[in-house]
Student: 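After the structure tokens below, expect a handful of questions from me.
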Amino acid sequence: MGSAGQNGADGGGGGIRVAIDRGGTFTDCVGNPGSGKMEDDVIIKLLSVDPENYDDAPLEGIRRLLSKFEGKEIPRGEPLDTTKIESIRMGTTVATNALLERKGEDIAMVVTKGFKDCLEIGNQSRPNIFDLAIRKPEVLYKKVVEIDERVTLEDYAEDPERNETKAKPLDEAGSNAELVKGLSGEAVRVLQRPDEKRIKQQLQEVYDSGLRSIAVCLMHGYTYPHHEALVGKLAKEVGFEHISLSHELMPMIKLVPRATSACADAYLTPAIRKYIDGFQAGFEGGLGTASVKHEKGSKGTRCEFMQSDGGLVDVDIFSGLRAILSGPAGGVVGYALTSYDPETKTPVIGFDMGGTSTDVSRYGEGRYEHVFETTTAGVTIQSPQLDINTVAAGGGSRLFWRNGLFVVGPESAGAHPGPACYRKDGPLTITDANLYLGRLLPDFFPKIFGKNEDEGLDPSASEKLFKELADQINKDNAASNKEMSIDEVAYGFIKIANETMTRPIRSLTEARGHDTSKHRLATFGGAGGQHAVAIAEALGITQILVHRYSSVLSAYGMALADVVDERQEPESKVWSDKGDVRKTLQQKMDELKKKSTSTLKDQGFDDDHIHFEEYLNMRYRGTESALMIIKPTAEQAKEEFEDDDWAFGRAFVKQHEQEFGFTLPDRDIIIDDVRARGIGKTFEGQEKTVDQQLKDIKPNDLKKGDKVYDTKSVYFEGGRKDTAVYKLEDLDVGDRIQGPAIIADGTQTIVVTPEASALLIRTHVVINIGESDAMDKKVDTKEVDPIMLSIFAHRFMAIAEQMGRALQKTSVSTNVKERLDYSCAMFDADGGLVANAPHLPVHLGSMSTCVKKQAEIWKGKLKKGDVLVSNHPMFGGTHLPDITVITPAFSGDNIVFYVASRAHHADIGGILPGSMPPHSRELYQEGAHIKSEKLVSEGNFNEERIIELLHKEPAQYPGCSGTRCLADNLNDLKAQVAANHKGINLISTLIEDYGEKVVQFYMHNIQDNAELSVRNLLKSVSKRFEGKDLSAIDYMDDGSPIQLKVTIDADKGEAVFDFTGTGPEVYGNTNAPEAVTYSAIIYCLRCLVNEDIPLNQGCLKPINVRIPKKSFLSPSGTAAVVGGNVLTSQRVTDVVLKAFQACAASQGDTNNLTFGFGGNVEGEKAVKGFGYYETIAGGSGAGPHWDGTNGVHTHMTNTRITDAEVFERRYPVILREFALRPGSHGKGQHKGGDGVVRDIEFRIPVQVSILSERRVYHPYGMAGGEDASTGLNLWVRKVSKVRGSDQEDQESRDATTSVDREEKLTNGEEKQHQEGTEDEENEVRYINMGAKNTASMKPGERIIVMTPGGGGWGPVGKDSETKEKEDPKKNWKGGSVASRQAEAEASA
């Protein structure tokens, strides 16, 4: 712990310092007697839970350290004397475990009326796109209280006039003002004031039910916190013990993450306080800053806890919300401060491979990378956290042989039973593979196994299971002449594990614009040393650092960390270098810094030791990709910004260019938040950095046999080698060892491969990777090697993923950049799909149809540098906004591959903005339709022709306009070309590495592998239905039938999907191009296989699809198709799943809602306006072992909904209600999910359109379950009241009440507005808009969309047979990589 000197804060000075990481399995303690020298450190590792010997592991650790330093045994149970201890620092998993196991405090959530279900609906996307049994994480609260209060923002960001309402702050405006200036500077309108008496009564009821902890989150509380503060005050009066107010925890816009954060805090903080009270009871003096200042009695000791953001905080203010990544954060601080050199500035990737998970993070530019919205254990929270990403299970990852492929994880053997070698009959894991191959040595592993917990690892158990698995693999591959040895099988799994981990690591670095190969790899955690060299080689990294304390690096990190105080406030200003803006922001920043300074001074820091990182959270207007920009350093300001250290605007533009590859010079830069991170410096560097040590060291190459502890037979690429084993403590600084070698101590094993060498310096083992012989990739193409097949499956997917990242990075439009509405894929020379990412179900099979068609048209005519473009339904398109760009990859003069990218363009012309009209009848009304054109000819972008196609041609049709955002179209098309170019380069690299013959060989074999999976599925289905044909029929709301008969040939595993009997083409827009039906079939097959299979052309090989020509599933070239992609695709899915009797129907709809104004109608002046588009969730269908899920997107779509607060900030709307629709599910043995109610009031005149289904035909129940309710779209319209007969009045009242009765509208009585003259009175009418309609709505009018539920399964009254399936990724840490993946899967 040598380099930590707590010079900044007053403490005992020279007393004992303790740093502890309480992990899930082990608790690590590092103690120093006060000398501050690394050689005096004492390390203790003990079990976190050992109730027979001690109650609390950290307390026991401190007892053992004190006994050692004082030279006398302190009896257990005796309070520990704090006067000898200078400081205790701790990281703990108490909060994480309470969250994972759902063992926190019982709480209630207090929320604005209309939003009681906001957390259950969340962002409406489902976590696993192919799981029919949708499982969303449970909410944390036991009760919800809806409070009748409401504020909204007066202005809206998309206003083309940029109007700004002036308002005064509350203290100036007075408590009854209706317009007030919020904390973010925006004008806030108070619509409904809270009734104190009523609220107190509501809170008292909750208190009387036994709950003592509450979370409060009200709409727009981040900028107008007064109503939340009032609820907090009343809750205190009622007697609640813990109150979490969202605006105090994290005043950032977004209702759902802020409400979840408040709930997580209320749920976890009591659990943490309980733990801390127990821990404190074990000491004689107190703990924490307050106790150090005690005048009387025993003097306490400083005690700080690690927060998720990598900073320490005093024990008295440690909260649940900030504790979720407490343990892992220590590891990041540990490697960051010991591996990074501020002089050389080489960035570091942290690779932490433990037993249950492998976590990856990055440290560069001398500061931590934070994310502000992450998901842990299914809970999405807003709070600064280090960007730590779980990329795989750890040493406990289970090994499987499935469908001819080697598969590693994500399931884990856990601590019980653990790997096979743990002597508890566990399954095969990575640990077993390392043990069998000689890469893990039982001599160096603690002897804690067996009946009496005194035996070592059991290699024979691993060997037995590997032998069985090798026999199975050889049996399944009997056709091949090559038998695999047990060594080859075990090593195959190691290679696949490494391949699985490198993909997300690449994603973490490249998504932010960094080059992976320019990093060092710092490895820690028990299993890291066995995989580090292979991982580094795959990433192009040449140097690995393993700290001497790498197995206790989290604890060591606590000793080095700084105390941190974070402050943040919302903002809404437009950045400007001149004028008052800077001054106001500087004042706001100074206020935050003042508050931080006083908190840090309270903790004993003086001014010299307090430093600040100052940030502005900035974004371009109209985008959501905000970047947290740090204030330039004096050095940067001098070099880049003419000595201006407040050049935030220019710093933002520079970082935007780096991360996204472009800037938007003509757009405003908006500031969302002002943030100050106060740092109390406690770490005074005394150690030399790695680079300084490497410069000074004279390596001593060990001769053969020198200092060797043992020799073992270890398996490396190509076979076993006699390998020297060294004990770390026997080696001296400067010793250099040539691989192959193993360096081990009691806590870690480092494998040095034959091409690498290891050098010992004072603080680390440094591994340098040479040119590898293993890189000579001679691969046989006579027989399929299942290991190579599994590797190529990963490689092909990685190419598609990297194309996707390139596209997202360089695109400009919100659709691609933020909604991630795109797909990238690679195809064989005939246009057959090889790999596709991200997985938008509706793009799955359809892109291949397009590429095949273009390949036929241009056969023999394409040259290098040519790029094609198409979006026409007859040429493999889905709907017109999805434009496909296709590039051939050549080898010599032959095309060997194609790559393609498809992106949803926000507008391509037609009769309505957004190009998604609800009432189009002909294709031309939906915008530009391109059959087959060259977008690029031999490297030249044909801009003139594409402008003609997108802008000029569509405008020639009656009532139509050309594209309304040409610049975005051109930018996004160029981004698609660039993404394809990236794909071509990656394919060329793959061919260079392995040779064209090998790549082609495995490309065809990966398709055969998918084909095999589907054939096996069809055989098992045929068995289940005893060879009978499967058939189903369902109807669109206009009565058009979709009829399907599936005939399976059980011997061959083939099937005919025959849609004969499907209705004719319709004079409307629900016609679906054939490609859509193929997508729906691939999606359904993947759901039914229910295993991770490669999704490619092979899936469709065993299937013959027959679609009658001129039906609405194979329409003519001029038919309108915009609804086919978003509505008919859902009905096709319903019919396929019904035929297979897989589950009851889900909502069968995407509820497409658009509104806006403006455009350029011919003969009129163009009006600047805006357009908005969203799809709305419904209920999912129940199945044989599951209930349906409420308020979620199903099947062919998974798009997220805009958060309620962002929605009101961007558009002139008030969201009156977004809640579940009780009773809309189908009843049954397993009930379906409920739909939702979405009630939007418009504040200015707008055109509103709805394109929906299932408003006539109910979502079906299955196996005796009942149907769900249909949906309903209501226009709440103000009409002039006509003085008619009483009967008319009565009829109107009846109509309203019947709607009220049917739908239980939660908005109470509608007020009758009096407008105009006294005689003219307005009344409110509820008008059913039907499934597809458009209307001009006036201010104050509303649309209420009530979405369908999901059908029930099995007869009502029969006992439920639901089975809970454990999600293997439940406890993975979700940093930026996970959120990217989730976004990608939540966009269709």
Student: Which heavy-atom pair separates E105 from P270 by the least distance, and what is that distance?
Tutor: OE1-CB, 3.7 Å

Student: What residue among N1198, T1175, V1236 forms side-chain contact (heavy atoms from CB on, under 4.5 Å) with Q124?
Tutor: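 Among N1198, T1175, V1236, the one meeting side-chain contact (heavy atoms from CB on, under 4.5 Å) with Q124 is T1175.
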
Student: Would you say D117's side chain and L1220's backbone share a donor-acceptor pair under 3.5 angstrom?
Tutor: yes

Student: Working to the nearest 0.5 angstrom, can you tell me the gap between M219 CE and L153 CG?
Tutor: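 It is 8.0 Å, given to the nearest 0.5 Å.
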
Student: Taking atom types as modelled, find out whether H1225 and D1234 have a side-chain donor-acceptor pair closer than 3.5 angstrom.
Tutor: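 Checked: H1225/D1234 side chains pair up, N/O donor to acceptor below 3.5 Å.
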
Student: For E178, look at atom CD and say whether over 12 heavy atoms of other residues, nucleotides or ligands are found less than 6.0 Å away.
Tutor: no

Student: Kindly indicate, with the supporting measurements, whether the criterion salt bridge (Lys or Arg N to Asp or Glu O under 4.0 Å) is fulfilled by E196 and K200.
Tutor: CA-CA 6 Å; E196 290 195 30; K200 200 155 184 183; over 6 Å; no

Student: Has D195 got a side-chain atom pairing as donor or acceptor with R198's backbone, closer than 3.5 angstrom?
Tutor: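 Yes, because the side chain of D195 sits within donor-acceptor range (under 3.5 Å) of the backbone of R198.
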
Student: Would you please classify the geometry between the Y275 ring and the F279 ring as parallel, tilted or perpendicular, with 30° and 60° separating the classes?
Tutor: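 Answer is parallel, since the angle falls under 30°.
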
Student: Determine whether the side chains of D1359 and Q1229 contain a donor N or O and an acceptor N or O closer than 3.5 Å.
Tutor: no

Student: Will you find, in the side chains of T223 and S184, an N or O donor that is under 3.5 Å from an N or O acceptor?
Tutor: yes

Student: Answer with yes or no whether the side chains of T260 and T380 bring together a donor and an acceptor at under 3.5 Å.
Tutor: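 Note: T380 and T260 side chains miss the donor-acceptor criterion.
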
Student: Salt bridge (Lys or Arg N to Asp or Glu O under 4.0 Å) with D106: which residues, sequence neighbours excluded?
Tutor: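 With sequence neighbours excluded, D106 shows a salt bridge (Lys or Arg N to Asp or Glu O under 4.0 Å) to K142, given in chain and number order.
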
Student: Mark yes or no for whether S261, through its side chain, and Q382, through its backbone, hold a donor-acceptor pair below 3.5 Å.
Tutor: yes

Student: To the nearest 0.5 Å, tell me how far C263 SG sits from I214 CD1.
Tutor: 10.5 Å

Student: Strictly by modelled atom types, are S48 and T27 linked by a side-chain donor-acceptor pair under 3.5 Å?
Tutor: yes

Student: Should I1344 and Y1326 be marked as a side-chain contact (heavy atoms from CB on, under 4.5 Å) after you check the CA-CA gap, both sets of side-chain angles, and the distance that decides it?
Tutor: CA-CA 10 Å; I1344 304 176; Y1326 287 84; 4.3 Å; yes

Student: Quick one: list whatever passes ring-ring contact (aromatic ring centres under 6.0 Å, His included) with Y224, sequence neighbours left out.
Tutor: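 For Y224, the residues satisfying ring-ring contact (aromatic ring centres under 6.0 Å, His included) (neighbours in sequence not counted) are H226, H227.
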
Student: Backbone N or O of L59 within a donor-acceptor pair of the D56 side chain at under 3.5 Å?
Tutor: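 Flag set: sc D56 to bb L59 pair under 3.5 Å.
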
Student: To the nearest 0.5 Å, tell me how far Y222 OH sits from L255 CG.
Tutor: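 One gets 10.5 Å once the value is rounded to the nearest 0.5 Å.
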
Student: Salt bridge (Lys or Arg N to Asp or Glu O under 4.0 Å) with D1239: which of R1342, K113, R1216?
Tutor: R1342

Student: Would you check, one step at a time, whether the test side-chain contact (heavy atoms from CB on, under 4.5 Å) holds for W1353 with H1185?
Tutor: CA-CA 9 Å; W1353 176 284; H1185 302 298; over 6 Å; no

Student: I'd like to know if the side chain of E149 and the backbone of T112 have a donor-acceptor N/O pair within less than 3.5 Å.
Tutor: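 Such a contact is absent between E149 side chain and T112 backbone.
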
Student: Any side-chain heavy atom of E304 sitting closer than 4.5 Å to one from V313?
Tutor: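 The answer is no; the side chains never approach within 4.5 Å.
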
Student: Within the 4.5 Å heavy-atom criterion, are T1189 and R135 side-chain neighbours or not?
Tutor: no

Student: Go through it in stages, so that I can follow the logic: the residues are L99 and V379, the test is side-chain contact (heavy atoms from CB on, under 4.5 Å), and I'd like the CA-CA distance, side-chain angles, deciding distance and then a yes or no.
Tutor: CA-CA 8 Å; L99 199 55; V379 178; 4.0 Å; yes

Student: Let's go through Y207 and F240 carefully: what are the C-alpha distance in whole Å and the side-chain angles of both, what is the deciding distance for ring pair (Phe, Tyr, Trp, His ring centres under 6.0 Å) to 0.1 Å, and is it a yes or a no?
Tutor: CA-CA 7 Å; Y207 188 86; F240 283 97; 5.5 Å; yes

Student: Does the cation-pi check pass for R1238 over F1207, that is, NZ or CZ under 6.0 Å from the six-membered ring centre and within 45° of its axis?
Tutor: yes

Student: For K116, does its backbone N or O pair with a side-chain atom of E146 as donor and acceptor, under 3.5 Å?
Tutor: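 It does hold such a pair.
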
Student: Could you give me the CA-CA distance, side-chain angles and deciding distance for Q1147 and S1180, then say whether side chain to side chain donor-acceptor pair (under 3.5 Å) is met?
Tutor: CA-CA 6 Å; Q1147 69 157 336; S1180 82; over 6 Å; no

Student: S326 and Q307: side-chain donor and acceptor closer than 3.5 Å?
Tutor: no

Student: Say whether Q385 and T374, considering side chains only, have a donor N or O and an acceptor N or O under 3.5 Å apart.
Tutor: yes

Student: Evaluate the side-chain proximity of I1343 to L1274: yes if any heavy-atom separation is below 4.5 Å, no if none is.
Tutor: no

Student: I'd like to know if the side chain of T1347 and the backbone of A1177 have a donor-acceptor N/O pair within less than 3.5 Å.
Tutor: yes

Student: E228 versus S246: any side-chain heavy-atom pair under 4.5 Å?
Tutor: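 E228 vs S246: side chains touch.
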
Student: Looking at K236 and H242, would you say the former's side chain and the latter's main chain have a donor-acceptor pair under 3.5 Å?
Tutor: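 Here the side-chain-to-backbone pair does not exist.
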
Student: Could you go through the side-chain contact (heavy atoms from CB on, under 4.5 Å) check for L268 and L321 one step at a time?
Tutor: CA-CA 7 Å; L268 298 172; L321 180 65; over 6 Å; no

Student: Looking at every non-hydrogen atom in both residues, tell me the closest pair between L218 and V111 and how far apart they are.
Tutor: CD2-C, 3.7 Å

Student: Rounded to the nearest 0.5 Å, what separates atom CD1 in I1214 from atom CZ in R189?
Tutor: 9.0 Å

Student: Answer yes or no: does atom NZ of K136 have more than 12 heavy-atom neighbours from other residues, nucleotides or ligands under 6.0 Å?
Tutor: yes

Student: Whether the E1208 and T152 side chains hold a donor-acceptor pair (N or O, under 3.5 Å, no angle test) is what I'd like checked.
Tutor: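 E1208 vs T152: donor-acceptor pair found between side chains.
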
Student: Testing the basics here: between P58 and I20, what is the closest heavy-atom pair and its distance to 0.1 Å?
Tutor: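 What the structure gives for the nearest pair is O-CD1, 3.8 Å.
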
Student: What do the steps show when you test S209 against K143 for side chain to side chain donor-acceptor pair (under 3.5 Å), and what is the final call?
Tutor: CA-CA 10 Å; S209 75; K143 285 200 157 136; 3.2 Å; yes

Student: Distance-only, no hydrogens or angles: does the R193 side chain make a donor-acceptor pair with backbone N or O of V190 under 3.5 Å?
Tutor: no

Student: Give me the atom names and distance for the closest heavy-atom approach of A235 to I243.
Tutor: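 Smallest interatomic distance, heavy atoms only, reads CB-CD1, 3.8 Å.
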
Student: Which heavy atom of E1217 sits nearest to which heavy atom of A1219, and what is that distance?
Tutor: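 What the structure gives for the nearest pair is OE2-CB, 3.7 Å.
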
Student: Supply the atom-to-atom distance D565 CG to D314 CG, rounded to the nearest 0.5 angstrom.
Tutor: 11.0 Å

Student: Hey, what do you get for OG (S1224) to CE (M1346), rounding to the nearest 0.5 Å?
Tutor: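 If we round to the nearest 0.5 Å, S1224:OG and M1346:CE are 10.5 Å apart.
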
Student: Do L119 and Y141 come within less than 4.5 Å of each other through their side chains, counting heavy atoms only?
Tutor: yes

Student: Between the side chains of R322 and S383, does any donor sit under 3.5 Å from an acceptor?
Tutor: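 Yes - a donor-acceptor pair under 3.5 Å links their side chains.
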
Student: For T92 and R22, which I'm curious about, is there any donor-acceptor pair between the side chains at under 3.5 Å?
Tutor: no

Student: Would you check if the side chain of Y267 reaches a backbone N or O of G320 as a donor-acceptor pair within less than 3.5 Å?
Tutor: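 Side chain of Y267 to backbone of G320, a donor-acceptor pair under 3.5 Å: no, none is there.
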
Student: Let's go through R258 and E1205 carefully: what are the C-alpha distance in whole Å and the side-chain angles of both, what is the deciding distance for salt bridge (Lys or Arg N to Asp or Glu O under 4.0 Å) to 0.1 Å, and is it a yes or a no?
Tutor: CA-CA 11 Å; R258 208 174 63 252; E1205 290 177 344; 2.7 Å; yes

